[in-house]
2 protein chains.
Amino acid sequence: MNSKDIARIAGVSRSTVSRVINNYPNVPPETKEKVLKVIREYNYVPHASARMLRGKSSKTIGLVIVDLKKNSDIHKVYDNVYFGPFTTAVIDFANQLGYNVLVITVYKARDYKKVREVFYNKTINGAIFIGVKNDDPDIKNLIEAGLKTAVIDQEIREDEDDAFNKSIIVNMDNVNGAYKATKYLINLGHTEIAHITGDMEKLSGFARLEGYKKALKEEGIPFKSSLVVKGDFVEESGYKAAYRLFKKAKPTAIFASNDQMAIGAMQALEEMGYKVPEDVSIIGFDDITISRYLKPALTTMSASLLQMAELAVENLIKSIEEEIAITAKFVVPVKLVERESCKRIEIQREKMNDEYALSMK
Amino acid sequence: MNSKDIARIAGVSRSTVSRVINNYPNVPPETKEKVLKVIREYNYVPHASARMLRGKSSKTIGLVIVDLKKNSDIHKVYDNVYFGPFTTAVIDFANQLGYNVLVITVYKARDYKKVREVFYNKTINGAIFIGVKNDDPDIKNLIEAGLKTAVIDQEIREDEDDAFNKSIIVNMDNVNGAYKATKYLINLGHTEIAHITGDMEKLSGFARLEGYKKALKEEGIPFKSSLVVKGDFVEESGYKAAYRLFKKAKPTAIFASNDQMAIGAMQALEEMGYKVPEDVSIIGFDDITISRYLKPALTTMSASLLQMAELAVENLIKSIEEEIAITAKFVVPVKLVERESCKRIEIQREKMNDEYALSMK
DNA sequence: CTGAAAGCGCTTACAG
DNA sequence: CTGAAAGCGCTTACAG
């Protein structure tokens with residue numbers, strides 16, 4: 001069944017069939033109805049490839065889920081608790097705007113070949129990237145080759161010539177979120193506050209460390225490198241980091257750069273005999289689904305994944321359809337989700353003074 | 001940049017370029033190398049639509065995530081803890097076999113239009129369906145219209161003429177899993193075992209009820225309808241079901257048809273003042289990521305989502321490429337994951353006898 | 001071993 | 001208001 005068949009059955013030319021399908025104004029209602037009747041009757045839908053070949057858009061965007069792991073070839077995006085919700089949100093928003101979503105996973109740098117393939121062969125009109133490291137050269141190349149992109153978690157640059165400046169960028173307010181998390185612990189009376197960092201190749205990794213430092217500085221609490229341990233956003237790294245941390249220090253609170261590491265750290269704390277929050281307070285970041293089910297339920301920082309997905313999809317599609325370079329940058333606010341894993345500490349330091357006590361209310 | 005340009009630059013005809021791309025044997029190595037060099041130099045990838053129009057496969061499958069909700073227009077597949085891991089697994093396996101995956105969400109029956117669209121317009125060559133109700137007429141239509149399909153969680157029928165018999169089907173061993181879960185509780189000494197059912201429009205809903213009944217029957221424990229309450233697989237329904245249940249009965253154990261409802265029920269039990277597992281044992285089904293983090297950690301039944309995804313993808317692609325109707329049916333085994341939410345009960349019934357005690361070891 | 005040519009199913013400028 | 005025709009970028013039977 002093709003447009004020729006429809007034309008023959010409806011007693012018109014293929015031109016007219018095409019005009020009806022594309023809603024041209026100059027088709028009389030009767031002709032239009034006659035053609036539509038045949039189209040409906042035969043479940044006819046124009047061949048997408050033929051249309052594209054004639055220059056119509058494929059109305060397909062790519063969603064590229066990047067999860068570059070140094071060590072393993074065991075890929076476990078399967079239970080990545082973070083990408084799932086975002087992925088579905090992207091699909092929903094795109095579908096609502098009449099776009100299909102091709103999802104592509106990237107575990108090694110060479111997997112970017114899959115993305116180049118669908119871009120150069122004109123299958124997709126644009127792509128959204130998540131899980132990327134900052135300044136990723138593979139993505140840079142794609143942007144420079146003309147792929148329309150929206151990148152999540154990428155530094156917003158001053159340099160106007162930087163390739164990423166030609167991309168839409170959607171970030172959480174990482175610095176401010178980390179700042180607020182640390183400030184929250186300080187206001188609870190903590191001064192020995194440790195930080196388990198995320199993957200420092202990612203914006204969310206180094207920006208959250210920055211927010212942590214900023215809060216300490218503002219409160220006049222000296223930064224101690226012994227209180228900062230490196231993690232890489234996965235649960236096991238939080239677990240190991242907690243052990244390393246307590247070998248060299250004795251913090252009363254921990255700010256973990258994401259919830260997964262906070263969960264790993266809580267596990268280690270339990271094994272080491274520390275109670276949360278009685279002995280050690282802990283706060284995470286991201287508010288993944290699991291966090292509210294933990295005992296104690298994890299206090300964390302939350303940004304709307306839905307909003308981020310919406311911003312990425314809508315702006316990407318706008319930039320595709322308007323054929324202009326829309327390069328907006330967005331920073332989505334982060335708010336505190338107070339649960340059970342943080343506790344006010346008894347204050348026994350000389351630092352304590354009226355003004356400080358007041359600020360804690 | 002198209003094949004004509006490449007041909008011109010390489011000094012050959014478009015025919016030869018095409019032969020090189022498609023790996024025809026009758027191209028001398030030097031010619032081939034000469035052409036490949038130009039192709040590489042210009043990042044040339046043949047236009048996917050043009051190839052398709054000439055009859056090449058699109059190498060794209062659909063993954064249709066169905067989540068039909070009666071009540072709400074708030075769609076929350078976002079945090080559906082079950083679809084996420086399966087989705088990524090499907091994408092990975094498909095990518096490995098050189099296929100792209102178009103993901104489509106269906107929240108209302110009319111959303112199936114999106115699937116029909118990409119099928120009739122030849123964008124996809126086949127599709128995998130998850131979250132479907134048993135005997136869904138919309139899917140039936142698609143199968144009958146010739147879409148190659150793999151359906152997860154669908155009854156395997158005797159009737160050879162049934163449309164679903166033309167589809168690949170991949171199920172968990174629901175009946176056996178539910179049977180084992182119930183048997184496990186019985187072996188722990190329980191006889192007052194309640195069941196919170198899943199959505200009875202789905203195979204996993206009614207098949208798990210069947211397994212529950214089977215185990216009771218085999219052990220000579222009378223089935224009591226007062227111990228069976230209806231749920232629909234979402235957390236809140238488990239929460240409500242637990243309240244309804246304890247209004248009319250006093251079970252010592254609960255088999256919830258999935259983990260999400262088990263979580264909801266645990267919440268209700270806590271509110272009602274029952275301790276798990278001291279007062280009430282509870283077992284779930286699916287082993288979602290959250291379950292291991294619960295306190296007490298949830299004992300549950302687990303099937304390999306990875307294996308299910310692999311079976312669905314590989315067989316679907318086989319059926320597409322071999323152009324024959326592969327209609328294999330698979331039942332993936334389910335195993336017990338013993339954690340902390342179930343406890344042996346003190347036995348104080350006349351029913352207790354030597355043989356029974358033995359079977360409990 | 002290689003090129004010229006037909007044709008996949010559309011859309012759209014052109015002519016009437 | 002409508003049809004005939006060109007052409008999008010490929011692939012492949014055909015001819016040599």
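Below, chain A is the first sequence line, B the second, and so on; all start at residue 1. Since the model is a prediction, treat every value here as computed from it, not as a measurement.
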Under a 4.0 Å N-O cut-off, is there an ion pair linking [X] with [Y]?
{"X": "B/Lys202", "Y": "B/Asp153", "result": "no"}
{"X": "B/Arg8", "Y": "B/Asp5", "result": "yes"}
{"X": "B/Glu321", "Y": "B/Lys148", "result": "no"}

Please report, rounded to the nearest Å, how far the [atom2] atom of [N] is from the [atom1] atom of [X].
{"X": "A/Asn23", "N": "C/dT12", "atom1": "CG", "atom2": "C1'", "answer": "16 Å"}
{"X": "A/Met1", "N": "C/dC10", "atom1": "CE", "atom2": "P", "answer": "11 Å"}
{"X": "B/Lys4", "N": "D/dC10", "atom1": "NZ", "atom2": "C1'", "answer": "12 Å"}
{"X": "A/Asn22", "N": "C/dT11", "atom1": "CG", "atom2": "C1'", "answer": "7 Å"}

**Asked** For DNA chain D, what residues of residues 118-126 of chain A have any heavy atom nearer than 4.0 Å?
**Response**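 The answer is none.
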**Asked** How would nucleotides 1-6 of chain C be written as a contact map, 5' to 3', with B for base contact, S for sugar-phosphate-only contact and - for no contact, using protein heavy atoms under 4.0 Å?
**Response** SBBBBB
Expected output: side-chain [X] to main-chain [Y] donor-acceptor under 3.5 Å:
{"X": "B/Ser167", "Y": "B/Thr149", "result": "yes"}
{"X": "A/Ser58", "Y": "A/Thr123", "result": "yes"}
{"X": "A/Asn95", "Y": "A/Asp92", "result": "no"}

**Worked verdict on B/Ile320 versus B/Tyr99 for side-chain contact (heavy atoms from CB on, under 4.5 Å)** = CA-CA 11 Å; B/Ile320 290 168; B/Tyr99 275 70; 4.0 Å; yes
**Prompt:** B/Ile21 has a side chain; which of C/dC10, C/dC8, D/dT11 sits nearest to it?
**Reply:**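 Of the options given, the side chain of B/Ile21 lies nearest D/dT11.
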**Message:** Measuring to OP1 and OP2 of C/dC10, would you say a side-chain N or O of A/Ser3 lies under 4.0 angstrom away?
**Reply:**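 Answer is yes, contact under 4.0 Å.
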**Message:** I want to check one thing: is the phosphate of C/dT11, taken as OP1 and OP2, less than 4.0 Å away from some side-chain N or O of A/Arg51?
**Reply:**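 Looking at the OP1 and OP2 atoms of C/dT11, one of them is under 4.0 Å from a side-chain N or O of A/Arg51.
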**Prompt:** When rounded to the nearest Å, what value does the distance between P atoms of D/dC14 and D/dC10 take?
**Reply:**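 It works out to 23 Å between them.
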**Request:** Anything below 3.5 Å on both distances counts as a pair; with that, list the stems of at least three consecutive Watson-Crick or G-U pairs involving DNA chain C.
**Result:**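 Stem list for DNA chain C: C:1-3 with D:14-16, C:5-12 with D:5-12, C:14-16 with D:1-3.
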